[in-house]
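Quick caveat, the model's predicted, so the values are computed rather than measured. One-based numbering along the sequence shown.
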Amino acid sequence: MVAQKTRVIPANKAVGMTAKAARALLARDVRQIFFKYCATFDSTDQGNIGPVSDLLMQLTSAEYTAFCPASPALRRTVYNGHLFLGIELISDSPKRNDPLTPMTDPDLVRVLQRQTRAKVGLLAHSQVDAGADSAGRVIAEAAARGIRYFIADAIYDRDLNTLATLTCDWKLMTGNATIVQHYPDIWKARGLVAADRRPPSLRAVGGGGVVLAGSCAERTLEQLAEFEKSHPLLRINLLNAEDVAATVGDALDWARPRLGRGPVGFATSGAPEAVKMAQQRYGREGAAELAETILGRLAVSLRGVGVRRFVVAGGETSGSIVEQLGIRRLRVGPYGGPGIGTAVTEDEDPVALCLKSGKLGPVDLFATTLEAMLNPEAVN
């Protein structure tokens, strides 16, 4: 797995970073490249899902590919090409207020078509429900008419299994992480991986524990409120944080006397009104960059005073913190459920990380995950 922070950077930069990673993988004769993006198809009219997919189509010489962002277990579903969050269209959900990639159009065929010159079509639910073989014939017929990209309907978990069966031999597949869970059983059945292969447990990591939250998702705000009931939480107001060095220094001074008593948290997260005010002052990208810079530099400073366990809320925040910590290699632990995944650096002084989507995870995730990092064997 190659993880890159490309969701909201300029499309040409995202394409360049992806090209480097893809060429390295293809040089090792990989059977398939899977391009992962968010279950809410976070993107703008400029990308980056379309431009990156265009590049990967070219590099893999794939004739066509599909797009499957659905995560039925988390109530992210696609029907008639329209993305739903629960019973709401994505455009009616809180995702319409995303500070960087507001999703105001639920029609994913339309969304993707604005990002690419390739012709985009739909693999409807009735076609998925008919089974992998039937869906394959539908795609082959549509590809003969020039369609190269297929938004795949998926409502139930069985739909993901059908799509995984359909695409397991494709040179290129794209989607949310949820569909990936269906590939290992197929690989095992075909003898591509050992049938009894299981991921080893991660090593235990001590040291201080912190939460760093940059996401403004409703679920993250709920998780922060729950964490704050029993742990200190410093909320950083971006409107008063233009001096990054001073803000980080003050936050570290606040944390030092508290870290010895247990985990603490820091958040630049805010309700939509607060986000709007920060964007009015700094601009949309400027506000996000300021929050990421503060939390990233704070992570570096915290590691310097003994913190070794980090729970990070927000995809962009996670990418920034990993970059600023200089982490290049992680061993990922066993799947812990939607929104719950941990990893540990592979060096003599390990750091444990939980890098979570802002929208996912149980409300008590912060404290329980930090505790589990002390003894992963007890969890697994």
Side-chain angles (χ1 to χ4, degrees), residues 2 4-23 25-26 32-71 76 78-84 89-91 95-96 98 100-125 127-128 135-136 138-154 163 166-167 170-177 179-180 285 315-316:
V2 179
Q4 297 181 314
K5 188 174 181 292
T6 60
R7 183 173 72 95
V8 296
I9 65 175
N12 63 327
K13 292 184 178 180
V15 168
M17 290 173 64
T18 303
K20 183 177 179 180
R23 289 189 176 107
L25 293 171
L26 292 168
Q32 180 185 62
I33 286 181
F34 186 95
F35 170 37
K36 186 269 177 190
Y37 40 76
C38 184
T40 46
F41 213 72
D42 289 25
S43 52
T44 68
D45 287 353
Q46 291 71 46
N48 288 336
I49 295 175
V52 170
S53 299
D54 292 343
L55 165 83
L56 293 174
M57 285 280 282
Q58 177 185 352
L59 292 180
T60 60
S61 299
E63 183 180 355
Y64 45 74
T65 193
F67 295 76
C68 181
S71 180
R76 276 75 166 167
V78 180
Y79 182 68
N80 283 342
H82 286 63
L83 179 59
F84 288 82
L89 287 166
I90 194 68
S91 53
K95 190 62 188 172
R96 70 185 185 278
D98 187 284
L100 291 177
T101 51
M103 290 297 287
T104 57
D105 187 349
D107 186 334
L108 298 190
V109 173
R110 211 159 45 204
V111 169
L112 184 58
Q113 191 64 81
R114 290 195 291 265
Q115 301 178 33
T116 179
R117 293 181 179 179
K119 192 172 181 179
V120 183
L122 172 68
L123 184 64
H125 188 259
Q127 296 165 332
V128 174
V138 169
I139 285 179
E141 292 170 1
R145 300 194 303 271
I147 297 177
R148 294 292 175 260
Y149 291 163
F150 295 84
I151 297 294
D153 276 1
L163 291 167
L166 167 67
T167 63
W170 287 12
K171 295 178 180 179
L172 173 66
M173 178 56 183
T174 86
N176 175 43
I179 190 176
V180 177
E285 290 77 15
E316 295 304 307

Residue set satisfying side-chain contact (heavy atoms from CB on, under 4.5 Å) with T167, at least two apart, ordered chain then number -> W170, M173, Y183
- Query: Under a 4.5 Å cut-off applied to non-hydrogen side-chain atoms, are L123 and L163 in contact?
  - Reply: yes
Rounded to the nearest 0.5 Å, the CD atom of E63 sits from the CG atom of L172 at a distance of 12.5 Å
>> Does any part of the side chain of N12, heavy atoms only, come nearer than 4.5 Å to the side chain of V15, both counted from C-beta?
In response: no
In this structure, OH of Y79 is separated from CG of L122 (nearest 0.5 Å) by 10.0 Å
In short, V78 meets P69 closest at the heavy-atom pair CG2-CG, 4.0 Å
Distance-only, no hydrogens or angles: does the N176 side chain make a donor-acceptor pair with backbone N or O of C38 under 3.5 Å? no
Interatomic distance, OG1@T101 vs CZ@F41, rounded to 0.5 Å, equals 11.5 Å
Check whether any side-chain N or O of T116 sits under 3.5 Å from a backbone N or O of G50 as a donor-acceptor pair, and report yes or no. no
inquiry  = A side-chain contact here means heavy atoms from C-beta on lying under 4.5 Å apart; do T60 and T65 qualify?
reply    = no
| Any donor and acceptor pair, going by atom type alone, linking the side chain of R7 with main-chain N or O of S43 inside 3.5 Å? | no
So CG of L56 and OG of S61: to nearest 0.5 Å the spacing works out to 11.5 Å
Per side-chain contact (heavy atoms from CB on, under 4.5 Å), L83 is matched among I151, L89, D105, L108 by L108
Item to complete: Side-chain contact test, heavy atoms from C-beta onward, threshold under 4.5 Å: evaluate it for M103 versus D98 and give yes or no.
Response: no
* Aromatic centroids of F67 and Y149 separated by under 6.0 Å -> yes
Practice problem: Might you work through the side-chain contact (heavy atoms from CB on, under 4.5 Å) test for T18 and L59, ending with a clear yes or no? | Solution: CA-CA 11 Å; T18 303; L59 292 180; over 6 Å; no
Per salt bridge (charged side-chain N to carboxylate O under 4.0 Å, His left out), D42 is matched among K95, K36, R76 by K95
Of all heavy-atom pairs linking K5 and E316, the shortest is CE-O, 3.2 Å
In short, F34 meets T174 closest at the heavy-atom pair CZ-C, 3.8 Å
Donor-acceptor pair, Q127 side chain versus V138 backbone, under 3.5 Å? no
Heavy atoms of C68 and I179 approach each other most closely as SG-CD1, 4.0 Å
Output for pair (L26 CG, Q32 CD), nearest 0.5 Å, gives 11.5 Å
Q115 side chain to P51 backbone, donor-acceptor under 3.5 Å: no
Note: I9 and A14 closest approach over all heavy atoms is CD1-N, 3.6 Å
query: Are the side chain of D54 and the backbone N or O of A118 linked by a donor-acceptor pair below 3.5 Å?
result: no
Indicate yes or no: at least one non-hydrogen side-chain atom of P106 is less than 4.5 angstrom from one of F84. no
Rounded to the nearest 0.5 angstrom, the CG-CG distance for D45 and L112 is 11.0 Å
